[in-house]
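All of these numbers come straight from a predicted model, not from anything done at the bench.
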There are 2 protein chains.
Amino acid sequence: MTALSTTRRSTRQRDVISRVLEVAEGPLSVTDILARTQAELPGVGLATVYRTVKLLCDQETVHPVTLDGETLYEASGRGHHHHFSCTACGRVFTLHACPVSIPAGSVYPGGFVVEAHEVTLYGRCPDCAGTVPQEPGHRL
Amino acid sequence: MTALSTTRRSTRQRDVISRVLEVAEGPLSVTDILARTQAELPGVGLATVYRTVKLLCDQETVHPVTLDGETLYEASGRGHHHHFSCTACGRVFTLHACPVSIPAGSVYPGGFVVEAHEVTLYGRCPDCAGTVPQEPGHRL
DNA sequence: CTCATTGCAAAACGTTTGCACAAAA
DNA sequence: TTTTGTGCAAACGTTTTGCAATGAG
């Protein structure tokens, strides 16, 4: 693959996979991406999804989010945000409110220089809020 | 296996693996646990580490931490804490200072009921603080 | 034509499990 | 003895890769 071609080839599946990630309400698993891509392009294979996602990650168009042992992917460039994982239905949402204020370069007790942070909130999403609360599980 | 035996058997490797996790400065990968266990008990196999870690997880003596796509394990019962991942040396540390205050039951904009939270800080650990800052990587 | 991209199948990787043996009770 | 725990190797699920065929330029 050349680094850049002057004219962009029309790569159907890459475009579809990109769009699937763009319009998602939160990060998706590879399986989710495959299913949503196949809804539009029935013949697509799993390897293509893995390859395309890796390519998009290298381009920094997309980035991985690891959550509860599963790797999900989301489109980049959505600004600073965090994730909410519903302990009832398992869906992951994007939250734009940030509960921490740690300027880059802050020094934490012990001499840890903080450059970035990641926050995941666990609880019940709006759809599940009326449900019986679940154990957050002992991962936390 | 019975749920409980009245007299506890002396299970050498389990004790060593537990202690390895107890004295660790932060969560460890299975490979780390294996290496540290073998330093004391040379013949130990990988399957034993997996089995023992799973057992300790079921007992809630230990719990998994997923970070950057890798699953690490740490001893439970260390109180509320978070993790610091060094972008220079890759080590993960435990931090007892908590940068967020979200009481259980708080409702986030959009109707998300928060029951727990997880924070990971990225940056340079004390040992690497003098080093040239690294890109935090575009996972963040 | 050339060459990037694809689907398929095989390989590689991390984790789990079956089994025969060893050690403890 | 019975029972639990072990190492080894095979099995398993997920992700990656080799390769021949397809499709775009």
Assess, by modelled atom type and distance only, whether the side chains of [X] and [Y] contain a donor and an acceptor separated by less than 3.5 Å.
{"X": "A:Asp32", "Y": "A:Ser29", "result": "yes"}
{"X": "B:His83", "Y": "B:Glu74", "result": "yes"}
{"X": "B:His82", "Y": "A:His117", "result": "no"}

* Structure fact -> Residues at least two apart in sequence or cross-chain that pass side chain to side chain contact (heavy atoms under 4.5 Å, CB included) with A:Glu40, listed by chain then number, are A:Arg12, A:Val16, A:Arg19

Write down the distance between [atom1] ([X]) and [atom2] ([N]), rounded to a whole number of angstrom.
{"X": "B:Leu56", "N": "D:dG5", "atom1": "CG", "atom2": "P", "value": "12 Å"}
{"X": "A:Asp58", "N": "C:dA4", "atom1": "CG", "atom2": "C1'", "value": "16 Å"}
{"X": "A:Lys54", "N": "D:dT14", "atom1": "NZ", "atom2": "P", "value": "19 Å"}
{"X": "B:Glu70", "N": "C:dC13", "atom1": "CD", "atom2": "P", "value": "15 Å"}
{"X": "A:Arg14", "N": "D:dA24", "atom1": "CZ", "atom2": "P", "value": "14 Å"}
{"X": "B:Arg12", "N": "C:dA24", "atom1": "CZ", "atom2": "C1'", "value": "15 Å"}
{"X": "B:Gln13", "N": "C:dA23", "atom1": "CD", "atom2": "P", "value": "11 Å"}

* Structure fact -> Within residues 22-29 of chain B, those residues having any heavy atom closer than 4.0 Å to DNA chain C are none

Enumerate donor-acceptor pairs with a distance under 3.5 Å from any side-chain N or O in residues 89-110 of chain B to protein atoms, sequence neighbours excluded.
from: B:Arg91; atom 1: NH2; to: B:Asp127; atom 2: OD2; distance (Å): 2.7
from: B:Ser106; atom 1: OG; to: B:Pro103; atom 2: O; distance (Å): 2.5

* To do: Would you please name every residue forming a side-chain hydrogen bond (donor to acceptor under 3.5 Å, both in side chains) with B:Thr31, sequence neighbours left out?
  => none

* Among all residues two or more places apart in sequence or in another chain, which pass the salt bridge (charged side-chain N to carboxylate O under 4.0 Å, His left out) test with A:Arg51? -> none

* Looking at DNA chain D, which of residues 31-52 of chain B put a heavy atom within less than 4.0 Å of it? -> B:Gly43, B:Val44, B:Gly45, B:Ala47, B:Thr48, B:Arg51

* Structure fact -> Interatomic distance, CD1@A:Ile17 vs OG1@A:Thr37, rounded to 0.5 Å, equals 4.5 Å

